[in-house]
Number of protein chains: 2
Amino acid sequence: MPKETFLKLNPEKRKKITDSFLREFSTNNYDDASLTTVVKSLGIAKGSIYQYFDSKLDLFLYLQSECGAIKAKYIMHLKRDDYPDFWAYFKALYREGIKFDLNHPLESNFLHSLAKHIHAPSLKELTKKWFDQVIGVMCSWIQHEVDIGHFRDDLPVKSMAFFLYTVSISIGDYMRTMHGLNLDENIKSGKPVYAAQKGQILLQSVDEYIAMLRKAFEK
Amino acid sequence: MPKETFLKLNPEKRKKITDSFLREFSTNNYDDASLTTVVKSLGIAKGSIYQYFDSKLDLFLYLQSECGAIKAKYIMHLKRDDYPDFWAYFKALYREGIKFDLNHPLESNFLHSLAKHIHAPSLKELTKKWFDQVIGVMCSWIQHEVDIGHFRDDLPVKSMAFFLYTVSISIGDYMRTMHGLNLDENIKSGKPVYAAQKGQILLQSVDEYIAMLRKAFEK
DNA sequence: TAAAAAAATGACCAACCAGTCACATTTCAT
DNA sequence: ATGAAATGTGACTGGTTGGTCATTTTTTTA
């Protein structure tokens, strides 16, 4: 949690600082991301950071929760029951995700690059917790579909959840590969991850994935 | 490529050195892996490493190619045409992979942890090349199955290859999650990645994955 | 306006790292 | 046995980092 001093900062300065660190963590491993570099580029003193946050980790966690909260606003209001099947819901999640990216490119970049941090020694326990949570959510999704007879019931729910998790987080990379995007460059320059592309083309990727996932899961 | 000096070393010493570095790179990011630490634990001088290799990268690449070559011996002799369908072949690949792990735990650990290194800044170009190669191989597998009418032909081959790639590299993590293994601990202690488990139980995981993949890909 | 509280500063610290190189030791050929 | 070639060494360089803290500057309070 950031200290009071940081929260009392005028919003512009706060945003400037936040943005710079989002960029740094988006293009580097946690352990390789350098506070010194960011502080220099911001033109503020290193000591200031430690008046705003307890530690590098504190700063990182703050960024993570802020970005998560913003993205949640786009996604949380979607309800499975408003869609005829799970895959319509799944696609809607991605549709909102792309909106989020266009409106909050830096935050999206940061979340998108979280996979990079998973193997950082300093974050091992944290990422394990996060992973278990995500798998938990997916398990409950899938269990529900099994219960109403939409999904197959001959495999462990957890296996299916893991499969879905893996495939889901890979869709971003998949878009890059298939549509020739250069995510890393967009991240560095601060452009939206999917800047040059229309949402429609990107959703086509999601459709292709769904075409496979649907068959894999259906009864 | 290692220097002559290294290749002329007596095999035991060479193995001792190789093993220690395999362990270090298996439990750390490339950039965080420390030659200094390994050299201390080996009781040899830092300078010696630079009589054996040009650089840290040179050493890393040597390890990678050595481990790859050993694993290739287990896998390369398998031919798709010797199996009734792709999935029998796919399963055979994993069966041999598990054998490889039991016989060469450290090398298997190292290859298994390569995913960690993918995001290391110093290795970006290399891993991109490696990734393109793997996708290329999978494309040719899939194209063949499409040609003989076993796989669906309504999706881009590359999409399917990417899907298969993602799922394939996740099977290791999947086994850990589903069978409660602690891979990282096994890696640190130098035990086989799948030490406590019988191959049969592990192949069951592969079967579950195949049950989903088969449906996703079939015509 | 003066005193007190809050915020910003940057030189400094200890701990790392990959890589170097002049020198010591071992091995090998004559 | 002797000299040359090949190996091994570890203090050292120049760099990095996250984090600290006495001091200065700015803001708030009275």
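Note on naming: letters A, B, ... go to the chains in the order of the sequence lines (proteins, then strands), and numbering restarts at 1 for each one.
Among C/dC17, D/dT7, D/dG19, the nucleotide with an atom closest to any side-chain atom of A/Leu35 is D/dG19. Distance from the side chain of B/Ala45 is smallest to D/dG10 among C/dC17, D/dT7, D/dG10.
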ring-ring contact (aromatic ring centres under 6.0 Å, His included) between A/Phe162 and A/Phe131: does it pass, once the steps are laid out?
-> CA-CA 10 Å; A/Phe162 202 92; A/Phe131 172 82; 5.7 Å; yes
Verify side-chain contact (heavy atoms from CB on, under 4.5 Å) between B/Leu123 and B/Asp31, making sure each step is shown before the conclusion.
-> CA-CA 9 Å; B/Leu123 297 178; B/Asp31 287 300; over 6 Å; no
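DNA chain C lies under 4.0 Å from at least one heavy atom of each of the following residues of residues 10-20 of chain A: A/Lys13.
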Produce the list of close N/O pairs, under 3.5 Å, pairing protein atoms with atoms of nucleotides 20-27 of chain D; give distances to one decimal.
none

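Within the 4.0 angstrom heavy-atom criterion, no nucleotide atom of any strand lies near B/Phe6. Looking at heavy-atom distances under 4.0 Å, A/Ser122 makes no contact with the nucleic acid at all. Across all strands shown, A/Leu59 has no heavy atoms under 4.0 Å from either base or sugar-phosphate atoms. Residue A/Ile44 is classed as a sugar-phosphate contact, given heavy-atom separations below 4.0 Å to backbone atoms only. Residue B/Phe53 is classed as having no contact, given no heavy-atom separation below 4.0 Å to the nucleic acid.
Between B/Phe60 atom CZ and C/dG19 atom P the separation is 14 Å, expressed in whole Å.
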